[in-house]
Amino acid sequence: MANGRLILGPMEGVLDALMREMLTDINDYDLCVTEFVRVVDQVLPDSVYYKLCPELHNGGMTPSGTPVRIQLLGQEPGWLAENAMRAVELGSPGVDLNFGCPAKLVNRSRGGAALLKDPEQIYQIVKASREAVDSALPVSAKIRLGWDDPSQCDEIVDAVYQANATELTIHARTKEDGYKADAIKWHHIAEMKAKYNLPLIANGEIWDYASAQACREATECDDLMVCRGALNLPNLGNVVKYNAAHMSWADVISLLIRYSKYEIEGYKAVYYPNRIKQWFAYLRDEYPEAKALFADIRRLQEIKAITQVLEQAHKDAHQ
Ligand SMILES: Cc1cc2nc3c(=O)[nH]c(=O)nc-3n(C[C@H](O)[C@H](O)[C@H](O)COP(=O)(O)O)c2cc1C
């Protein structure tokens with residue numbers, strides 16, 4: 001399969017603007033998608049959009065020039081369309097619509113993955129947003145294969161296709177599969193690819209070059225989206241694109257020091273201890289050194305105490 005675009009996908013509460021800045025600086029991602037923002041019954045204030053996507057102040061791009069598309073989540077076609085229009089007016093290069101979020105709260109109000117049970121509503125939402133946004137800009141969707149049965153994806157993809165979406169990302173698991181690694185079903189994406197004339201982006205369980213190639217082969221998709229793996233392995237983008245060597249631990253710890261400085265100087269400093277621990281929870285799957293260091297910092301609450309441990313690890317790694 002040819003190498004296509006590589007997209008840094010949405011991760012609510014994890015992949016925020018700072019993380020996008022760091023990861024697009026060191027990788028050649030073609031596009032980022034923001035964390036979802038929930039739309040209920042109003043046009044969200046501009047301040048919400050700027051907080052979600054500060055890149056709007058930079059023409060909708062990260063500092064290194066990667067476009068960032070805003071993702072909306074909701075169930076009401078009219079309000080989603082109005083917000084889609086607002087997001088692009090503010091500078092988002094298109095919008096993405098989330099139909100895959102498994103969070104209980106979101107699903108109770110029939111947003112996110114709950115809509116996988118209602119392809120007609122998906123159709124209405126995508127169609128309304130597509131009609132509201134300038135046809136030169138993409139309106140995309142992101143789904144799972146279904147609620148509890150992957151055969152549901154046929155009707156769902158049909159709805160997205162009939163509604164004229166620009167492209168569709170498929171996370172190759174059902175909502176009921178959660179994140180179980182062995183539940184990944186890439187081949188269903190290939191079936192959809194053969195049936196619908198709709199650009200598809202394959203997503204789920206890409207951790208390195210080999211799994212990216214396996215995903216491309218099984219799905220027959222050139223375009224891929226990575227999420228958790230991009231945090232486990234900070235240069236995953238270039239590993240997937242160019243078969244680059246995995247980033248060394250010494251380079252990872254330098255990146256963590258840089259990240260810490262940004263976080264501490266930024267307006268989110270109070271969250272820093274939790275944020276850095278959150279990143280370690282991903283990194284430890286790839287780096288044994290991160291596992292050991294995580295054990296050292298997990299009980300620390302003070303910013304200074306954490307950065308001292310990191311500085312020491314930095315010295316050790318660069319000796
Ligand atoms: C912590 C977390 C937050 C997520 N937030 C979003 C989100 O805001 N919007 C969305 O469409 N998907 C979200 N997802 C799903 C991911 O975008 C992706 O579909 C999933 O993690 C599978 O890809 P991966 O195996 O590369 O991680 C989230 C996943 C995780 C683990």
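Counting starts at 1 for both ligands and their atoms, following the listed order.
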Query raised in the report: Quick one: do the N274 and Q278 side chains pair a donor with an acceptor below 3.5 Å?
Result: no

Requested in this report: Under the side-chain contact (heavy atoms from CB on, under 4.5 Å) rule, collect the residues that match up with D134, sequence neighbours excluded.
Outcome: A136, L137

Side-chain donor/acceptor pairs under 3.5 Å, residues 148-156, sequence neighbours excluded:
{"from": "D148", "atom 1": "OD1", "to": "Q152", "atom 2": "NE2", "distance (Å)": "2.9"}
{"from": "D149", "atom 1": "OD1", "to": "S151", "atom 2": "N", "distance (Å)": "2.9"}
{"from": "D149", "atom 1": "OD1", "to": "S151", "atom 2": "OG", "distance (Å)": "3.1"}
{"from": "D149", "atom 1": "OD2", "to": "S151", "atom 2": "OG", "distance (Å)": "3.1"}
{"from": "Q152", "atom 1": "OE1", "to": "W147", "atom 2": "N", "distance (Å)": "2.6"}
{"from": "Q152", "atom 1": "OE1", "to": "D148", "atom 2": "N", "distance (Å)": "3.3"}
{"from": "Q152", "atom 1": "OE1", "to": "D149", "atom 2": "N", "distance (Å)": "3.4"}
{"from": "D154", "atom 1": "OD1", "to": "K195", "atom 2": "NZ", "distance (Å)": "3.3"}
{"from": "D154", "atom 1": "OD1", "to": "Y196", "atom 2": "OH", "distance (Å)": "2.5"}
{"from": "D154", "atom 1": "OD2", "to": "K195", "atom 2": "NZ", "distance (Å)": "2.8"}

Query raised in the report: Is the Lys NZ or Arg CZ of R144 less than 6.0 Å from the centre of Y179's six-membered ring, within 45° of the axis?
Result: yes

**Report entry** T174 and D177 side chains, donor-acceptor separation under 3.5 Å
**Finding:** yes

Requested in this report: Check side chain to side chain donor-acceptor pair (under 3.5 Å) between D158 and all other residues, then give those that pass, not counting sequence neighbours.
Outcome: Q162

Report task. Please list, by chain and number, the protein residues whose heavy atoms come under 4.0 Å of ligand 1. Result -> P10, M11, E12, V14, E35, F36, Q71, N98, K142, H171, R173, Y179, N203, G204, E205, V226, C227, R228, Y282

